[in-house]
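As structure tokens, the structure follows; a few thoughts come after it.
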Protein chains: 2
Amino acid sequence: MDMRSTLDAPDKPMNPTKLAIMDAAEQSILKHGYKAMSFRDLAAQVGIKSASVHYHFPTKADLLQALLVRHQSTLEAAMKPPKKKRQAAQKALNQFIECYRDITISRGSMALSAVLLAEHSLLDAQSKEQLNDLYQWQCDWLATIVSYLHKAEVPTDSDRQYASQIMASLHGASILAKATQDADIFDQVTQPWRTLVDRI
Amino acid sequence: MDMRSTLDAPDKPMNPTKLAIMDAAEQSILKHGYKAMSFRDLAAQVGIKSASVHYHFPTKADLLQALLVRHQSTLEAAMKPPKKKRQAAQKALNQFIECYRDITISRGSMALSAVLLAEHSLLDAQSKEQLNDLYQWQCDWLATIVSYLHKAEVPTDSDRQYASQIMASLHGASILAKATQDADIFDQVTQPWRTLVDRI
DNA sequence: TTATGTCTATCTAAAGATAGGCATTTAATA
DNA sequence: TATTAAATGCCTATCTTTAGATAGACATAA
């Protein structure tokens, strides 16, 4: 009836229904966009009623925020602090590329962040911030990787620029692959980054 | 009361109201996405009633199709058949980049095609095709440009791959610039392509 | 007098959200 | 331990808003 907050304790195992709702929501957003994602759809997907979805996530904004927080956590967990060794850094970069590749190929979608960005004006203020952070975190992480690739400790402006180019390339590759329905394009576009260590 | 089709004669000057509706629609999609773009909003923007919008465009799909056709025409008109001279080809490429830059910077949005792609499942079949063609045309055009940059006549696979990388870079640059609210990023990311002729 | 463009009025469906009821499980306490 | 209180999770029902779409009237211009 009343929940203090949509935030879950960091470690407490999450209610399975709540988890199912979030999974369905993420799928739905990737497929149809944020505006088209509806509580009734999610409810049907999960096998409950829309009122029950509201029980777990009072508003659509709450649900989105939970999704973004989880997304960030997942990313941070997957992208452990990169090693400073050049080869390890390249490996970490490849793993990052793999994240985008996975969404693009197996789910046939552009990145969640890009989909949400397309509907940026519809998002609540907090989600906008979280989305912002998400991009910032990835750019920073990539810049660090790039700096490690040439044995530096702290990213230079040039490293940051490189990081932006990689990010752009990944998002663009995802878009192109989806637009042309040709998954190979993703690999063609991103291939240079997979061997960056040899050229930097 | 009844219109044979939403298609306009290629040369006949378009009804100013119809034009205003299309402009408003394009703006709205760029800002809020396709699903959130509503006839009532457009009507208010233009200063008419929503029923009048339906007079010009019976359905939302009709309106979208008209937008996509116009978009393609505009692009084709702006990107005249490129010259085979290397410098001219680079100039044409720069002009292409400028198109994306303009949307990104002055309108603060990602490309129309990318926004629509994010909501791809909501589009009618014909719009999907038009969207597809739009990407295909741009990739082909770019591939031709790239081939001209090294004095070839017909694009090789490598040229096509290069073209994909440029396209991806442009879309990604647009996304990054919007996400970080830093217009400079667009130029940073796309700068390499502006002097491609010197390195190819 | 016909086509054009707009209007008012209205229908219908979808969607976010809330109120309040009803079990079931969990925790507290006599 | 048995009983009670409270929290959990889901339900039905309903409200309200938004939005796509249509019918039919009305004015004006070709």
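This one's a predicted model, so the numbers in the text were calculated from it and none came from an experiment.
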Subject >> D:dC11 OP1/OP2 closer than 4.0 Å to side-chain N/O of A:S52 >> reply: yes
Original post:
When you check the side-chain N and O atoms of B:D23 and B:Q45, is any donor under 3.5 Å from an acceptor?
Top reply: no
**OP:** Report yes if at least one side-chain N or O of B:H56 is closer than 4.0 Å to OP1 or OP2 of C:dT4; otherwise report no.
**Re:** no
**OP:** Take atom OH of A:Y55 and atom P of D:dA7, then tell me their distance rounded to the nearest Å.
**Re:** 11 Å
Subject >> For atom CD1 of A:I21 and atom P of C:dG16, their distance in whole Å >> reply: 13 Å
**OP:** Grab the CG-P distance between A:L42 and D:dC10 for me, whole Å please.
**Re:** 14 Å
Original post:
Would a line drawn from the ring center of A:F96 to the ring center of A:W193 be shorter than 6.0 Å?
Top reply: no
Subject >> B:E76 atom CD: more than 12 heavy-atom contacts under 6.0 Å >> reply: yes
Original post:
Under 4.5 Å between any side-chain heavy atoms of B:L30 and B:I103, yes or no?
Top reply: yes
Original post:
In whole Å, what is the span from the CE atom of B:M14 to the P atom of C:dG5?
Top reply: 12 Å
Subject >> Between P of D:dG9 and NZ of A:K18, the distance in whole Å >> reply: 9 Å
Original post:
Are any of B:N15's side-chain N or O atoms less than 4.0 Å away from OP1 or OP2 of C:dG5?
Top reply: yes
Original post:
For A:L19 and D:dG9, what is the distance between atoms CG and P respectively, to the nearest whole Å?
Top reply: 13 Å
**OP:** Answer yes or no: is there a donor N or O on one side and an acceptor on the other, between the side chain of A:K60 and the main chain of A:K35, under 3.5 Å?
**Re:** yes
Original post:
Between B:D187 and B:R101, does at least one N-O distance fall below 4.0 Å, as a salt bridge requires?
Top reply: yes
Original post:
Could you run down nucleotides 18-23 of chain D 5' to 3' and tag each one B, S or - for protein heavy-atom contact under 4.0 Å?
Top reply: -BBBBB
